[in-house]
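Order of appearance sets the numbers: ligands from 1, and atoms from 1 within every ligand.
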Amino acid sequence: MLSNIFKIEQIKYDDNSANEYGRDWTYKGSVNPKAIVFPSSKEQIKELISFANKDNEKIVPSGGRTGLSWGAVATQNEIVVSMEKLNSITNVDNEEKSLSCQAGAITQNIQNAAQQQNLLYPVNFASSGSSHIGGNVATNAGGVKVIKYGSTRNWVSSLSVITGNGTELHLNKGLKKNNSAYDLRNLFIGSEGTLGLITDVELHLCKNPPKLKVLLVSFNEFESLQKFFNKIFNQIELYAFEFFCKNSLCAVLEKFKIKPPLSPEMNFYVIVEFEAVESEKLLEIVEKMYGEKLIRDAVIASSEKQNLELWGLRENISESIAIFNPVKYDLSIKRQHLNSFIKEIKHIFKNEDSSKPSYFLFGHLGDNNIHLNLIPEPNKDIGSQKEKRLFDFLKRHNGSISAEHGIGLLKKQSFKFMNNKNEIDLMMMIKKDFDPNNIMNPGKIFDLKE
Ligand code: 2HG
Ligand code: ZN
């Protein structure tokens with residue numbers, strides 16, 4: 001019984017809590033958790049896992065619920081384990097440049113704690129104020145600085161986990177170098193709660209960057225944007241190279257009632273973040289491309305406030321288009337295929353009524369990662385035919401249907417379609433070893449019975 005493990009105030013059964021804790025923010029369907037529990041110690045988590053194994057209960061780990069692939073959704077009478085009480089930052093070590101915390105620590109609190117020691121935890125995204133580090137690790141969260149700093153995986157120096165069969169593991173123990181056969185830590189990173197529960201995390205930190213600047217540039221042709229990237233990639237130290245289309249920009253301007261810093265009539269926009277000392281070099285390239293009519297307009301921020309304003313145009317897209325209930329795709333493809341991919345998307349999803357947007361394109365172009373958000377087709381069959389064409393194109397070009405958001409429940413079908421069967425079979429074998437009774441986030445990524 002849960003009440004043998006948790007105090008009464010650590011268990012919730014009511015509908016409001018079920019609705020709040022049984023989903024991530026993009027999931028609109030109904031949920032059905034058996035209960036939500038709020039452990040306050042590792043002991044309680046161990047007891048819960050042992051209870052679940054004995055009584056065939058299922059567990060859904062839950063962090064800040066900011067995921068986009070329904071990895072934290074509970075529809076099958078599962079016990080949701082909210083990690084929000086296990087949120088302490090236990091140590092920031094200035095010499096080692098590392099930070100230790102519990103899995104429920106909020107990403108932004110980690111960034112702030114590092115900053116207090118004049119250090120940086122550089123993985124950053126719009127949802128940092130609510131996401132938990134445990135969830136970031138479980139989904140290998142990316143964000144807007146991957147081009148410079150990599151994703152969460154690059155920063156995890158140790159992980160404590162309790163596997164689905166109740167084994168406690170302390171993986172890598174904070175080392176910078178550790179070449180001791182299989183790196184189990186990396187197996188847990190991106191495992192979406194299917195192998196075990198992450199309880200504690202240690203992260204590498206780094207020095208703060210020098211003064212950075214933000215530039216917004218507009219283009220009419222995607223090819224010109226690509227040329228711009230190719231020109232600056234080898235010459236300028238890039239901290240971000242993010243793009244968005246006209247529809248995405250207009251949605252943000254509309255939602256936040258902002259005046260555009262440059263004409264919103266161009267087809268594509270790019271935010272570049274770079275070191276201030278490189279301004280002259282970058283602006284020379286911009287001017288030259290402007291003269292060649294490849295770049296249509298450009299604005300460079302001249303204060304920290306303007307930096308944030310320009311960043312807002314990119315970071316607020318997801319929230320601004322949420323009213324359309326878009327179908328979200330998180331696509332990855334090699335740079336050499338990007339031009340034809342963008343053309344293909346345009347071709348597949350063009351709207352007969354050109355006065356209304358049918359999709360939004362934005363994302364981490366510096367990482368070849370495109371977020372396509374489609375306004376759902378009224379006719380589902382047509383929608384799925386178009387999706388099939390999109391996935392066929394990606395498969396032919398060795399792309400991926402998940403660059404950074406993970407598989408969860410949402411992308412199970414496309415994951416199976418896109419990935420090699422031998423690879424998936426191996427993943428299932430690994431899952432069975434760590435979690436023989438399939439108690440950990442069952443049904444996410446794949447169904448074991450397949
Ligand atoms: C972003 O890059 C997030 O803004 C969200 O990954 C992407 O809403 C999306 O599709
Ligand atoms: Zn993203």
Side-chain angles (χ1 to χ4, degrees), residues 23-28 63-72 107-108 122-132 135-136 138-154 190 192 214 216 239-245 247-252 255-256 268-273 308 310-333 338 341-342 345 349 357-376 387 390 394 399-411 414:
R23 65 174 75 242
D24 65 26
W25 76 280
T26 55
Y27 181 78
K28 301 284 184 287
R65 305 178 304 283
T66 57
L68 295 142
S69 301
W70 308 352
T107 315
Q108 200 170 68
V123 183
N124 194 28
F125 25 76
S127 59
S128 296
S130 8
S131 77
H132 292 188
N136 296 174
T139 57
N140 185 27
V144 290
K145 302 279 175 121
V146 172
I147 189 170
K148 169 74 181 163
Y149 294 109
S151 52
T152 304
R153 184 183 302 282
N154 298 51
E192 304 189 29
V214 180
L216 174 66
Y239 286 69
F241 191 92
E242 296 284 309
F243 96 115
F244 42 94
C245 69
N247 292 340
S248 310
L249 173 65
C250 291
V252 177
K255 160 103 185 166
F256 291 91
F268 299 103
Y269 298 81
V270 164
I271 295 262
V272 188
E273 195 173 58
L308 294 175
L310 292 187
W311 260 122
L313 300 174
R314 164 64 185 90
E315 292 213 296
N316 290 320
I317 295 172
S318 203
E319 184 187 336
S320 304
I321 61 178
I323 41 161
F324 297 100
N325 263 330
V327 183
K328 288 184 177 294
Y329 298 95
D330 167 32
L331 313 165
S332 189
I333 194 161
L338 269 175
F341 188 45
I342 296 288
I345 291 176
F349 298 106
S358 52
Y359 61 84
F360 302 89
L361 278 180
F362 58 101
H364 318 287
L365 203 69
D367 314 320
N368 306 343
N369 174 190
I370 295 179
H371 295 311
L372 163 67
N373 277 232
L374 283 181
I375 300 182
E387 180 175 278
L390 177 76
L394 267 182
S400 165
I401 45 94
S402 172
E404 62 169 0
H405 295 166
I407 307 300
L409 279 181
L410 182 64
K411 296 183 197 151
S414 41

Is [X] reaching over with its side chain to a backbone N or O of [Y], donor-acceptor style, under 3.5 angstrom?
X      : Y      : result
Thr139 : Gly190 : no
His364 : Gly143 : yes
Asp330 : Ser402 : no
Ser332 : Gly399 : no
Glu192 : Ile407 : yes
Asn247 : Tyr359 : yes

In this structure, OG of Ser131 is separated from CG of Asn136 (nearest 0.5 Å) by 4.0 Å
Among Lys328, Arg314, Glu319, the residue with a heavy atom nearest to atom 1 (C) of ligand 1 is Arg314
Heavy-atom proximity to atom 5 (C) of ligand 1, picking from Ala403, Ser320, Ser318, points to Ser318
Any non-hydrogen atom of [X] lying under 4.0 Å from ligand 1?
X      : value
Tyr329 : no
Glu404 : yes
Glu242 : no
Ile317 : no

Heavy-atom distances under 4.0 Å are what count here, so tell me which part of [X] touches ligand 1: side chain, backbone, both or neither.
X      : result
Glu315 : neither
Phe125 : neither
Asp330 : neither

Practice task
Indicate yes or no: does Glu273 engage Lys145 in a salt bridge with an N to O separation below 4.0 Å.
Solution key: yes
Taking both backbone and side-chain atoms into account, decide whether His405 has an N/O/S atom under 2.8 Å from the Zn ion (ligand 2). no
Nearest non-hydrogen protein atom to atom 6 (O) of ligand 1, with distance, is His405 NE2, 2.8 Å
re atom 10 (O) of ligand 1, the protein heavy-atom contact at minimum distance is Asn373 ND2, 3.0 Å
Note: NE2(His371)-the Zn ion (ligand 2)-OE2(Glu404) angle, rounded to 10 degrees, equals 90°
Within 4.0 Å of some non-hydrogen atom of His364, the atoms of ligand 1 are 2 (O)
Centroid-to-centroid, Phe324 to Phe360, below 6.0 Å? yes
